[in-house]
Amino acid sequence: MRLDKFLKVSRLIKRRTLAKEVCDQGRITINGQVAKAGSNVKAGDELIIRFGQKLVTVRIDDVRDVVRKDEAGTMYTIVSEAPVS
């Protein structure tokens with residue numbers, strides 16, 4: 001699945017266009033490498049997302065095209081949250 005679509009479906013970022021912009025700004029890495037919006041993600045990948053002054057590390061547990069809002073949190077596990085230094 002594309003990274004921008006995963007971010008939207010998992011509700012880490014609310015809109016796909018916003019997810020694409022964040023990817024294009026180089027604020028997301030997959031397994032240590034800077035990712036583009038079209039990068040493929042799979043279960044087991046680790047994402048590091050920079051939200052403003054916070055770094056959020058997320059491990060992907062499941063990749064699905066359609067998910068209900070209350071089940072979206074089961075697609076990933078937050079590994080850590082740290083302030084940007």
Checklist entry - Is there a side-chain contact between I28 and L7 (heavy atoms, below 4.5 Å)? => result yes
Checklist entry - Taking only residues two or more places apart in sequence, or in another chain, which ones meet D70 in a side chain to side chain donor-acceptor pair (under 3.5 Å)? => result R68
Checklist entry - Which atom pair, heavy atoms only, marks the closest approach of F51 to V56? => result CD1-CG2, 3.7 Å
Item to check | Closest contact, heavy atoms only, T74 versus R64 | outcome: OG1-NH2, 3.2 Å
Next on the checklist: Are V58 and L18 connected into the same hydrophobic cluster when the rule is that any two of I, L, V, M, F, W, Y join if their side-chain heavy atoms are below 4.5 Å apart?
Outcome noted: yes
Item to check | Nearest-0.5 Å distance that lies between atom CD1 in I78 and atom CD1 in I49 | outcome: 9.0 Å
Next on the checklist: Does anything in residues 47-60 form a salt bridge (charged side-chain N to carboxylate O under 4.0 Å, His left out)? List the pairs, not counting sequence neighbours.
Outcome noted: K54-E81, R59-D61
Checklist entry - Quick one: side-chain contact (heavy atoms from CB on, under 4.5 Å) partners of R11, sequence neighbours excluded? => result V67, K69, A72
With a 3.5 Å cut-off and sequence neighbours excluded, list the donor-acceptor pairs that the side chains of residues 30-40 form with protein atoms.
{"residue": "N31", "atom": "OD1", "partner": "E46", "partner atom": "N", "Å": "2.9"}
{"residue": "N31", "atom": "ND2", "partner": "D45", "partner atom": "OD1", "Å": "3.1"}
{"residue": "S39", "atom": "OG", "partner": "K36", "partner atom": "N", "Å": "3.0"}
{"residue": "S39", "atom": "OG", "partner": "K36", "partner atom": "O", "Å": "3.0"}

Checklist entry - Is L3 close to L47 at the side-chain level, that is, under 4.5 Å between some pair of heavy atoms? => result yes
Checklist outcome for this item: For V84, the hydrophobic cluster (side chain heavy atoms closer than 4.5 Å, chained through members) also holds I48, L55
Checklist entry - So which pairs with a foot in residues 13-22 pass salt bridge (charged side-chain N to carboxylate O under 4.0 Å, His left out), sequence neighbours left out? => result D4-R16, K20-D24
